[in-house]
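This report concerns only the one structure given below.
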Amino acid sequence: MKDKSFVTLFIDEQPQPIGEFPAPVSFELDTRKLTDGKHTLRIISRDLSGREGVRTIPFIVRNGPAIAVEGLKKDEIVEGVLPLMINAYGKGDQKTFLLHGSETPQSIPWWVVTGIILFIAWTGYFIISSLSIKL
């Protein structure tokens with residue numbers, strides 16, 4: 001006997017399903033039609049006897065340009081004037097690589113600055129101690 005289980009797909013709390021298919025199904029979800037942000041895929045399956053199974057899968061859509069912010073972190077306590085660097089860049093058309101704006105410049109990490117200072121100090125010490133040795 002052939003199985004005629006069906007699956008019905010819903011996005012978020014929409015009353016209209018985006019599709020109803022016999023199981024098993026291969027389905028391509030086009031997220032370009034959804035707004036950026038949090039969404040939920042709800043799958044309802046029905047078997048031959050009419051019993052239902054429900055599964056919800058939360059996901060986040062980000063089709064728009066990525067936004068990077070340097071100088072302010074989530075839930076950070078701040079005061080005064082904040083220097084911010086904001087970069088927004090898209091993926092392009094997926095056939096060509098966009099060089100301009102594809103990387104977000106960031107400030108130099110503290111450990112790199114500390115390493116450079118230590119290296120310069122060691123170099124100075126080495127030069128001074130080498131010059132003070134009498135041959």
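Only this structure's heavy atoms are used, side chains among them; waters, hydrogens and symmetry mates stay out. These numbers were taken from a predicted model, which means no experiment stands behind them.
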Show the nearest heavy-atom pair for residues [X] and [Y], with the distance to one decimal.
X   : Y   : answer
H39 : I11 : ND1-CG2, 4.5 Å
D36 : N63 : OD1-N, 3.0 Å
V54 : I44 : CG2-CG1, 4.1 Å
V7  : S45 : CG1-CB, 3.9 Å
T35 : V61 : O-CB, 3.8 Å

Side chains of [X] and [Y], heavy atoms from C-beta outward: is any pair under 4.5 Å?
X    : Y    : result
L118 : W122 : no
I18  : L29  : yes
F27  : I43  : no
L72  : V78  : yes
T8   : P17  : yes

Side chain to side chain contact (heavy atoms under 4.5 Å, CB included) assessment of L41 paired with F59: CA-CA 8 Å; L41 175 65; F59 62 97; 3.9 Å; yes
Between D47 (side chain) and S49 (backbone), is there a donor-acceptor pair under 3.5 Å?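 Checking the backbone N and O of S49 against the side chain of D47, a donor-acceptor pair under 3.5 Å is found.
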My understanding is that only residues two or more places apart in sequence, or in another chain, count here; which of them pass salt bridge (charged side-chain N to carboxylate O under 4.0 Å, His left out) with E52? R46
Common cluster, [X]/[Y], ILVMFWY with side-chain heavy-atom separation under 4.5 Å:
X    : Y    : answer
V69  : L82  : yes
Y125 : I128 : no
L34  : I57  : yes
W110 : V113 : yes

May I have all residue pairs that pass salt bridge (charged side-chain N to carboxylate O under 4.0 Å, His left out) and include part of residues 19-32, sequence neighbours excluded?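 Residue pairs with at least one partner in residues 19-32: D30-R32.
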In Å and rounded to the nearest 0.5 Å, what is the CZ to CZ distance from R42 to R55?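 Separation between the atoms: 14.5 Å.
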Can you tell me if I67 has over 12 outside heavy atoms packed within less than 6.0 Å of its CD1?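 At most 12 heavy atoms, drawn from other residues, nucleotides or ligands, come within 6.0 Å of this atom.
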Between F6 and F21, is the ring centroid distance below 6.0 Å? no
